[in-house]
Participant: 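Structure in structure tokens, see below.
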Amino acid sequence: MVMEEKPKKLLILYASETGNAIDAAERLGREAERRGCPVLLLSVDDFDPSSLPDQEIVIFVVSTTGQGDNPDSIKVFWKFLLQRNLTQNWLSRVNYAVFGLGDSGYQKYNFVAKKLDKRLSDLGATAVVERGLGDDQHSSGYEGALDPWMSTLWKALYQKDPKLFPKGPELMTSNMSLMDQPKVQITYHDVVEGTSNFSSIPDVKLLEMQIESTRFILPGKLAGKYSPECFLKMVKNDPLSKAGSGKDVRHFEFEAVSSSIEYEVGDVVHILPGQDAAAVDAFIKRCNLNPESYIQVQVNDNKENEQSYDLRNTLKVPVRLKTFVELAMDVASASPRRYFFEVMSYFATAEHEKERLQYFASPEGRDDLYEYNQKERRTVLEVL
């Protein structure tokens, strides 16, 4: 009896600070799967660096933050790679590719990708393709470099191992079954059922539970970092800049309402703001949802969906739908990503809209999408 050989999985590791590297890594994963290659997609802090020599092919997607700084998620991995006891042939069996996301307006442009590429090479790994460098200053953002780099990558991987793409690097399946599997499963509860869970919980504690619950959908180990330290009430909000100066500089004063806050000079405070209530209401109405209903969000237990999510941080209590949208979804400031338009194309019923959405999601429509979307700073709500 001949045992059927299981297809190899392409390992994609990402290190993201604001979500762009996740977006790029997920896109790489989808494009690989459309070519018949299964994928294992992980945040780099969910990968054991000591097992790196056992990997045949690894794709790294890493962002650079600040003045050439590492994203938090790659710091432990990078420290491991810098160990002096690692030899020049430690990664001699590993093939790799690096794509970086940065901003050429900064002096240390794509510094993390460059130093990672050099260190992997120093340890004996072989680059499948020259590193790709995405630039925020490009008219199409990082995707201006990602599209041609991906095309080169698939051809190089196919030459290295044809089994990765059984039907070749150019033949793609394009159907809804290959759209990303939902990362989460949403259960709806009626209003009475939802409120009964909270009848004995103090207001501040309830808000803390809801904020922690709505923030868990972050990949990797960052998911656990969004439980608020304390709640502050704004007691002063004075404008400091003169009218018509083009800037809005303000002096804020807060007082703690839940617990005392300890800090030293130079500490940084992360503030989680709400969203414009009118925009939240308009989004919910546009999506034909009941703002007063309660939802419970759980990580989808799908064996094929091997992205890393911290299962301990699933939403343990139902949250009012309106609260979830306000705290966890950006509907009124950030522009939607390219994949948003691709997903919408599957659900559009008007043919001319479907064609336009498909065009926006394609490499050919990338520049027009930038003109329509990012340049105009359209929001998710506006696009809908």
Side-chain angles (χ1 to χ4, degrees), residues 8-26 28-29 32 39-103 106-135 142 145-146 149-150 152-153 156-157 160-161 218-225 306-308 310:
K8 294 178 182 177
K9 285 191 173 176
L10 183 64
L11 176 61
I12 301 175
L13 300 177
Y14 61 83
S16 190
E17 192 71 17
T18 61
N20 283 335
I22 299 176
D23 192 49
E26 288 181 343
L28 275 162
V39 167
L40 177 58
L41 182 65
L42 294 173
S43 176
V44 73
D45 58 355
D46 282 324
F47 177 78
D48 178 6
S50 66
S51 68
L52 193 55
D54 302 327
Q55 309 301 320
E56 286 184 47
I57 299 173
V58 189
I59 312 298
F60 291 91
V61 182
V62 295
S63 63
T64 295
T65 179
Q67 299 295 333
D69 299 327
N70 288 322
D72 286 343
S73 58
I74 202 173
K75 287 178 178 175
V76 172
F77 181 87
W78 180 244
K79 189 176 179 181
F80 186 93
L81 288 190
L82 293 181
Q83 292 178 108
R84 290 184 178 178
N85 62 336
L86 300 181
T87 63
Q88 290 182 343
N89 61 357
W90 185 61
L91 298 177
S92 58
R93 291 183 297 173
V94 178
N95 298 284
Y96 75 95
V98 173
F99 185 83
L101 294 89
D103 187 328
Y106 288 83
Q107 188 176 356
K108 292 190 174 181
Y109 168 56
N110 259 313
F111 188 63
V112 175
K114 291 173 182 176
K115 69 181 183 180
L116 175 63
D117 182 25
K118 185 178 186 307
R119 185 57 180 157
L120 293 170
S121 178
D122 289 346
L123 293 172
T126 304
V128 180
V129 291
E130 191 177 333
R131 67 180 176 236
L133 300 177
D135 185 3
Y142 70 84
L146 181 61
W149 185 81
M150 270 200 306
T152 306
L153 175 67
L157 288 177
K160 181 71 68 175
D161 185 355
L218 283 176
K221 294 187 171 63
L222 290 177
K225 293 188 178 179
E306 297 203 47
Q307 293 186 41
S308 54
D310 192 338

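None of these values were measured; they are calculated from a predicted model.
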Participant: Below 4.5 Å, heavy atoms only, C-beta onward: do Gln55 and Phe47 meet side chain to side chain?
Facilitator: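 Answer yes - side chains close enough.
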
Participant: Determine whether more than 12 heavy atoms belonging to other residues, nucleotides or ligands lie under 6.0 Å from atom OH of Tyr106.
Facilitator: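 Not more than 12 within 6.0 Å, no.
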
Participant: Would you please name every residue forming a side chain to side chain donor-acceptor pair (under 3.5 Å) with Asn85, sequence neighbours left out?
Facilitator: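 Expected list: none.
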
Participant: Trp78: which residues meet the ring-ring contact (aromatic ring centres under 6.0 Å, His included) condition with it, sequence neighbours left out?
Facilitator: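 Per chain and number, Trp78 pairs via ring-ring contact (aromatic ring centres under 6.0 Å, His included) with no residue.
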
Participant: Please check: side-chain N/O of Asn70 versus main-chain N/O of Val112, any donor-acceptor pairing under 3.5 Å?
Facilitator: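 Such a contact is absent between Asn70 side chain and Val112 backbone.
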
Participant: Give every residue pair that meets the salt bridge (charged side-chain N to carboxylate O under 4.0 Å, His left out) criterion with at least one member in residues 108-117, sequence neighbours excluded.
Facilitator: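 Applying salt bridge (charged side-chain N to carboxylate O under 4.0 Å, His left out) to every pair that reaches into residues 108-117, excluding sequence neighbours, yields Asp117-Arg131.
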
Participant: If the plane angle is over 60° it's perpendicular, under 30° parallel, otherwise tilted; pick one for Tyr142 and Phe99.
Facilitator: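 Rings of Tyr142 and Phe99: perpendicular, as their planes differ by over 60°.
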
Participant: With sequence neighbours excluded, what pairs up with Asp69 under the salt bridge (Lys or Arg N to Asp or Glu O under 4.0 Å) test?
Facilitator: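 Checked Asp69 against salt bridge (Lys or Arg N to Asp or Glu O under 4.0 Å); zero matches.
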
Participant: Got Asp103 and Thr64 here, is their nearest side-chain heavy-atom distance under 4.5 Å?
Facilitator: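 Not touching, per the 4.5 Å side-chain cut-off.
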
Participant: Between Trp149 (side chain) and Glu130 (backbone), is there a donor-acceptor pair under 3.5 Å?
Facilitator: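 Confirmed, Trp149 side chain pairs with Glu130 backbone.
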
Participant: Name all pairs fulfilling the salt bridge (charged side-chain N to carboxylate O under 4.0 Å, His left out) condition that reach into residues 50-60, sequence neighbours left out, sorted by first residue then second.
Facilitator: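 Found Lys8-Glu56.
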
Participant: For residues 74-98, pull every pair meeting salt bridge (charged side-chain N to carboxylate O under 4.0 Å, His left out), keeping only residues two or more places apart or in separate chains.
Facilitator: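 Counting only pairs at least two positions apart or across chains, the salt bridge (charged side-chain N to carboxylate O under 4.0 Å, His left out) contacts touching residues 74-98 are Asp72-Lys75.
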
Participant: Quick one: CG on Leu123 to OH on Tyr96, what's the gap to the nearest 0.5 Å?
Facilitator: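 Reported value, rounded in 0.5 Å steps: 10.0 Å.
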
Participant: Between Ala113 and Leu133, what is the shortest heavy-atom contact and its length?
Facilitator: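 Nearest pair, atom of Ala113 first, then Leu133: CB-CD2, 4.2 Å.
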
